[in-house]
Novice: 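This is the structure I have questions about; it appears just below.
What you see is a predicted model, and the numbers here were worked out from it, not measured in a lab. Below, read A as the first sequence line, B as the second, and so on, with proteins coming before strands; counting in each chain starts at 1.
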Amino acid sequence: MPDTALHDWNLAPKEAIALQKRLAGRVERADRLDPVRHLAGVDIGFEEDGAITRAAVVVLAWPPVASGEFEPATFEIVEQVVHREPTRMPYVPGLLSFREVPAALGAFEKLTTRPQLAMVDGQGIAHPRRIGVASHLGLWLDLPTIGVAKTRLCGRHEEPGPARGDWTPLVDGPDDETIGAVLRSRAKVKPIFVSPGHRVSLATAVDWVIRCLGRTKLPEPTRLADRLASRRDPRC
DNA sequence: GCGACAG
DNA sequence: ATCTTGTCGC
């Protein structure tokens, strides 16, 4: 487990970056997943004009209730939790983990189910120091994670093909290191940025995201967590 | 010095 | 992220 208590931090940007550099080396990018029976979607929203951070985790049963290799997938929601706490850090590009991970951990503590895989709204290793919020959370929980972001943080890429499932590699650095995939999750819509979080390879990450695609741009886990975090949930 | 910049 | 009206498409 990591060497610094994220719950206690009171880090200046400079210290946060130093911590990220130390933690980055521990992020595993190779597949090391147990058989998946439950997968989670994680996202953070805000209330009170940003004063309150609202973390949401939705657990879905695998396999889907309905799906074909390329048909919209439908899942059974096994559990969903919301955790609210005071916001203690502003948004700083590259340091999103320090703003969102503490609240996400609070939400995971309330979970009854222990998922074998989680999709997080944000980048995985597609980050300047290769440790975006998805990697950070996965490392902390020792849980396989996948980063699913709506826009790019860093890296270069070609425009992916027009069909659902088409993707191009996202590369970065002087040696064109592959850090993620720019995936066309839905025709005629801007692509999403998928990257390994922790204990998952890029190929596996893309596979899972495609298999969880419903009718919208975002895969079901992230879409449902998004809805809950933003208080867009039909029920609550 | 000038852009770029997850949520 | 969040604030918001109207509008386009299945």
Novice: Using a cut-off of strictly less than 4.0 Å, decide whether R152(A) has a side-chain nitrogen or oxygen near OP1 or OP2 of dC5(B).
Specialist: yes
Novice: Would you mind reading off the distance between L95(A) atom CG and dC5(B) atom P, rounded to a whole angstrom?
Specialist: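 Going from L95(A) (CG) to dC5(B) (P), I get 16 Å.
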Novice: Just how far, in rounded Å, is P of dA1(C) from CG of L228(A)?
Specialist: 14 Å
Novice: Between P on dA6(B) and CG on D43(A), what's the gap in Å once rounded to a whole number?
Specialist: 15 Å
Novice: Could you check which of dA1(C), dG7(B), dA6(B) has an atom nearest any side-chain atom of F46(A)?
Specialist: dA1(C)
Novice: Figure out the CD/P separation between Q123(A) and dA6(B), and round it to whole Å.
Specialist: 8 Å
Novice: Does dA1(C) have OP1 or OP2 sitting under 4.0 Å from an N or O in the side chain of K150(A)?
Specialist: yes
Novice: Let me confirm one number: the CG-NE2 distance from L170(A) to H157(A), rounded to the nearest 0.5 Å.
Specialist: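 The CG atom of L170(A) sits 6.5 Å away from the NE2 atom of H157(A).
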Novice: From CZ of R54(A) over to P of dT2(C), roughly how many Å is that when rounded to an integer?
Specialist: 10 Å
Novice: If you look only at pairs with a residue in residues 175-187 of chain A, which of them pass as a salt bridge (Lys or Arg N to Asp or Glu O under 4.0 Å), with sequence neighbours excluded?
Specialist: R29(A)-E177(A), R130(A)-E177(A), R156(A)-D176(A), E159(A)-R184(A)
Novice: Check this for me: does any side-chain nitrogen of one of R199(A) and D142(A) sit under 4.0 Å from a carboxylate oxygen of the other?
Specialist: yes
Novice: Report yes if the ring of Y91(A) lies under 5.5 Å from the six-membered base ring of dA1(C) with planes under 30°, and no otherwise.
Specialist: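 According to the criterion (under 5.5 Å, under 30°), no, Y91(A) does not stack.
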Novice: I'd like to know if the side chain of T204(A) reaches the main chain of D31(A), judged simply by a donor and an acceptor atom lying under 3.5 Å from each other, with no hydrogens or angles considered.
Specialist: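 No, T204(A) side chain to D31(A) backbone: no donor-acceptor pair under 3.5 Å.
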